[in-house]
Structure formats: structure tokens, C-alpha cells
Amino acid sequence: MKRTQIKDALQSTNYNNPITIAGWVRTKRDSKGGFSFIELNDGSSFQNIQVIADESIPNYTSDILKLTAGCSIAVQGTLVESPAQGQSVEVKANSVSVIGLADPESYPLQKKRHSFEFLRQIAHLRPRTNTFGAIARVRNALSFAIHQFFQDNGFFYLHSPIITGSDCEGAGEMFRVTTFDLNNIPRVDGAIDFSQDFFGKSTNLTVSGQLEAEIYALALGNVYTFGPTFRAENSNTSRHLSEFWMVEPEMAFCDLQQDCETAEKFLKFIIRETMEKCPDEMAFFNKFIDNQIVETLGHILNSPFEIIPYKEALAMLQKANVTFEYPLGWEHGFQAEHERYLTEELVKKPVIIIDFPKEIKAFYMRRNDDGQTVAAMDILFPHIGEIVGGSQREERYDVLKNRILELGLHIEDYWWYLELRQFGSVEHAGFGLGFDRLVQFISGMKNIRDIIPFPRTPQNADF
RNA sequence: UCCCCUGUAGCUCAGUCGGUAGAGCGAGUGGCUGUUAACCACUAUGUCGUUGGUUCGAGUCCAACCGGGGGAGCCA
């Protein structure tokens, strides 16, 4: 079907010319004057278009009067200026063909507000609502902005593997990948014989593309991954998913300071782009989801991020006259309440904490000269806490090897990671951004399960 | 995994002291109207999450289980 998207029809001034549109009926109002108003949405924009259908259309009584929310129709007609308030253009229909009916007695979406918990149970229909349509378009705009930023700044998009044989990712519980018959698992002396499994070894779904990104950064310079990531943690919160999307840039010839600068530039670019591309969606979120969100985002765009070493941030929190539920201490790290107090009350803008105690950070982060801290950074946003975590990577062979041994990790698993430090090693750095959490933040939505189209969480993999 | 809350009509919820169930929205029918969260009138909603227990009697009290939500931890 050749059709005009409603997004384009609404912006057109090509009045009194033929137009074909198609979409799903949001609501219909009948006039006994012999015509009906149909609010039609095709997903191309937040806005509906109003269709005027009158009784001169042959199937007016048989079809049009029976239309209800959820029906799909195609309309041929004329784009006209609207004589009434509320919309500038509308479509005067010459013909309306019903493509698919939706029985109002059983169609779950009503012309009223539904709870997000209810909509989660009908994930196949929820994208037809204002909120979930808006989220899908914001997700798209944000994805595109991410690619645009990196492509414009000399990064290559890297497809890091989904299935990994590395045991050394160490970022949480992993999902096993196997083709074994679970009722008959091959064993040798009681132990599972992975040599008979599909890959001839134990494999899992990736928890991070960072280590692979380092490989390519040390060949192409700047790369980024943007793909799904899997964590088998039994965490049941509004901020966790078992399957989520992560962005991980990695840059060669780059230290922690440049890493922070890039991350700040990156975040500001993708937020600004998304706000500019989705004004209707942002206005909706600000009105119905979180009436602070546009202000909060504007504040972030206009504030230089404040870089504070962990040691100083700790001192600031200890000096603050506040009782926290969890104790503060060099070795404790910061809890969510500490992070939020720091960025919301003490600094009142985004904060980048750097130089963390080495004990609370990963083995691959570069040891600082003080011997106590590593060149790590966390970016904290008001109201949400950590949005980005990154570091300069340890590029010195001996230092990295000693750290792996010190932590009792299996050194043989890291042979290729260590070889990168033996052959043309250079300083490099990167960071990770939880994509869904950023969508959550930008939209003001409370639960990450309402941010991703089909959430996977413990005990839930429906649709 | 731990703590707290919750489960009643299609949806959102009320239901007092234990006495066999209610509202709004949605739906249907009729009326009215260039309407736009339309409006007005009327009509029908039901295994009160499941199982068991206490009681003359349980939506209500007790126990277990199941589902949902919030918070914490882990993290992105």
C-alpha cells in the first residue's frame, strides 16, 4: 500500500490534494449530523491525525459506525485545513476500508489510563499506547544518536561476540550456552565433560564486550560495541534486567582524563539529540511521567561535569552533617544513598568520581602511582546515580600479571589479554553505558521493565 | 537472596466490628453534538489468587503456596 505516514501528513501544507493513510483507531466520535471523527495513529509520530468520515461513504453504516479502538483501517481522502480548534490539518475521507477489527469486548486496551503492571502482561499490545510508543521512538532516536556520535568522532562499530568461552569476564553470574541433553549430560569421573559439548568447551552468554573491544582498539584506534548483554543475577529491581543493551567505547592512546572528557561529550550529545528529535515524546514524559525531567536534562546539558577523586568525595560525605544508613569508609565504596547525596545535594550537578581504591574495582584497571588507587571513573547523575563506569586499562605487562596473580585468578585464561601487553602495548581507556538505564533516565520512567520492549527478568521471559 | 506491601467486575479501586459484593472508568443500548479524555440516560458485569483451617457464618481472621509491586544487596 502506498501511504503517507501520519508524521508527514501532519506537517504537510499540501492542502486539498489526495492522500492515503493507514493506522490503528485510537478513538472515534460519531455525530448524528451524519459523520464521524476518527483519531488515527500509525506509530510514526506521537500525534494522531483526525479523519472525518461522513455518511456519503458507502460503508458508513456497515463499517465506519462500528469502528472501535484498536481496529486497523486505511483511509483515502483529501488533506484539508481543519475548521475547528485542536488540530491544524485533518483528512476528509473519500473511502475507509477496514483491514482488521478489534472486538471492544475483548480488546484489552481501553480509552483510559492503564497501570504499567497491567500493560506488562500484554507486551504484544502495549506499544500501541502513548507511553510505549513514545518510549520505542525515544529508544530509536537514542540508538541512532549513539552511532552518530561515534561515527562522527572516528570510532568503528565493533561486533563483539554474544557467545563467549572466556571465564575471565568476571562481571557477574553468566547464562550457560550448551547443546547437551540435560537429561543425559556426558561425564568423566563425575565431572561434566565439556569436550563433548557443541564448542568443545564451557561457553556462556557475554556479560561485557570490553575485553574484545580492547583487542580491536589496539588495532583500529577507537572502537565501540553496542549490543545485548546478559547477566544471570537473581536481582529483582526496577533497574535490572537479565538481558540488556550496553554501549562500550574503547580508545587507544587514551588516558583517564580523555576518557572522562569523551564520556561527558558523548552523554551530552546523545541526550541533546534525543530531546531535539523527540519533542512530542519529551513533552508527554514531562507532563505524565515525571514533571521534572526536561528541567533535569537541561541542567545536565548546561553543567560542566565535576571531577572529584574518590578520596575527596569520601571526605565531603564524611564532613556532611547527615546520617547515612550504610557506613562510609575507604574500603566500603559508595552506596546508592551516598552517590545521590553527593550529586544531588553537595555538588548539585553530574559528578565524575575518579581514582577508586583498587580493592573495590576490577583487576584490569590501571594502578595509579600511589599504589592504593586505580584509574577508574564513575559518572553519577542526580536522581539516578551511576550511569557510566569506566577506566584506563592496565597496559603494563608486569603490573597486570602481578595483579591477576595477586587476586588468585587463573592466569592461563588471560593469555591473549596479557599478550596484548607484550606486543605493542599502548595506554588505552574506555567506559560502559547501560543503554536501557539511560532511556529510563531520559523518559523519567520508574521501572526498566517498561523501557525495553520485552523484558527478561528472573522468572519472566514471556513474549 | 533478604525485608515490606499487595491480590475483589475488562481496567483502577472501595468494602467499617466476620453476616453471602459496590463505585468510577471501559463495554452495550438509546439520545445529543465540528467532535477531540466529548456529553446525558439506561443495562449487564464477579470461581473475592489457590488450598486448607477457625467459625452457626469468611472478601474480611489464621497458615501454606502462587502471582504482582516497592525497597535493599549485586550491578549497567
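Below, read A as the first sequence line, B as the second, and so on, with proteins coming before strands; counting in each chain starts at 1.
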Need to verify one output field. Residue with the more 5' nearest nucleotide on RNA chain B, A/P83 or A/T27?
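Closer to the 5' end of RNA chain B: A/P83.
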
Choose from [options] the nucleotide whose nearest atom is closest to any side-chain atom of [X].
X: A/A84; options: B/G71, B/U12, B/U35; value: B/U35
X: A/E90; options: B/C74, B/G34, B/A38; value: B/G34
X: A/R29; options: B/U35, B/U1, B/U12; value: B/U35
X: A/Q335; options: B/U12, B/G34, B/G73; value: B/G73

Looking at the rings of [X] and [Y], which for Trp means the six-membered one, are their centres under 6.0 Å apart?
X: A/F435; Y: A/F226; result: yes
X: A/F441; Y: A/F381; result: yes
X: A/F363; Y: A/Y414; result: yes

Can you give me the dot-bracket string for RNA chain B, 5' to 3', counting Watson-Crick and G-U wobble pairs with both distances under 3.5 Å, using [ ] for crossing pairs and | for partners on another strand?
(((((((..((((.....[..)))).(((((.......))))).....(((((..]....))))))))))))....

Phosphate contact ([N] OP1 or OP2) by [X] side-chain N/O below 4.0 Å:
X: A/R231; N: B/C75; result: no
X: A/S31; N: B/U33; result: no
X: A/R239; N: B/A72; result: yes

Restricting to pairs with a member in residues 60-69 of chain A, which pass side-chain hydrogen bond (donor to acceptor under 3.5 Å, both in side chains), not counting sequence neighbours?
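Residue pairs passing side-chain hydrogen bond (donor to acceptor under 3.5 Å, both in side chains), neighbours aside: A/S36-A/Y60, A/N59-A/D63.
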
Categorize [X] for me: base, sugar-phosphate, or nothing, with a 4.0 angstrom heavy-atom threshold over every strand shown.
X: A/S36; answer: nothing
X: A/H114; answer: sugar-phosphate
X: A/S115; answer: sugar-phosphate
X: A/I387; answer: sugar-phosphate

Atom pairs under 3.5 Å, N or O on each side, protein against nucleotides 66-69 of chain B: can you list them with distances?
| unit_1 | atom_1 | unit_2 | atom_2 | d |
| --- | --- | --- | --- | --- |
| B/G69 | OP1 | A/R120 | NH1 | 2.4 |

How about [atom1] on [X], more than 12 heavy atoms from neighbouring residues, nucleotides or ligands closer than 6.0 Å, or not?
X: A/F144; atom1: CZ; value: no
X: A/K311; atom1: NZ; value: no
X: A/Y216; atom1: OH; value: no
X: A/E331; atom1: CD; value: yes

Polar-atom pairs under 3.5 Å, protein N or O versus N or O of nucleotides 24-28 of chain B: list them with distances, or write none.
| unit_1 | atom_1 | unit_2 | atom_2 | d |
| --- | --- | --- | --- | --- |
| B/G24 | N2 | A/K112 | NZ | 3.4 |
| B/A27 | O2' | A/E105 | OE1 | 3.2 |
| B/A27 | O2' | A/E105 | OE2 | 2.6 |

State, with a plain yes or no, whether a side-chain heavy atom of A/L241 is found less than 4.5 Å away from one of A/T457.
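Counting from C-beta outward, A/L241 and A/T457 do come under 4.5 Å.
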
How many angstroms lie between OH in A/Y107 and SG in A/C71, if you round to the nearest 0.5 Å?
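Answer rounded to 0.5 Å: 9.0 Å.
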
Out of the candidates A/N41, A/D42, A/N130, A/T27, only one should pair with A/N48 under the side-chain hydrogen bond (donor to acceptor under 3.5 Å, both in side chains) rule; please name it.
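Going through the options one by one, the only one that passes is A/N41.
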
The single option from A/R29, A/Q87, A/R26 passing side-chain hydrogen bond (donor to acceptor under 3.5 Å, both in side chains) against A/E39
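Going through A/R29, A/Q87, A/R26 one by one, the side-chain hydrogen bond (donor to acceptor under 3.5 Å, both in side chains) with A/E39 is satisfied by A/R29 alone.
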
Any donor-acceptor N/O pair under 3.5 Å between B/U35 base and A/E39 side chain:
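Donor-acceptor pair under 3.5 Å: no.
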
Which residues satisfy the side chain to side chain donor-acceptor pair (under 3.5 Å) test with A/N291, sequence neighbours excluded?
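Counting only residues at least two positions away or on another chain, A/N291 forms no side chain to side chain donor-acceptor pair (under 3.5 Å).
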
Going by heavy atoms closer than 4.0 Å, what residues in residues 124-142 of chain A are next to RNA chain B?
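Contacting residues: none.
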
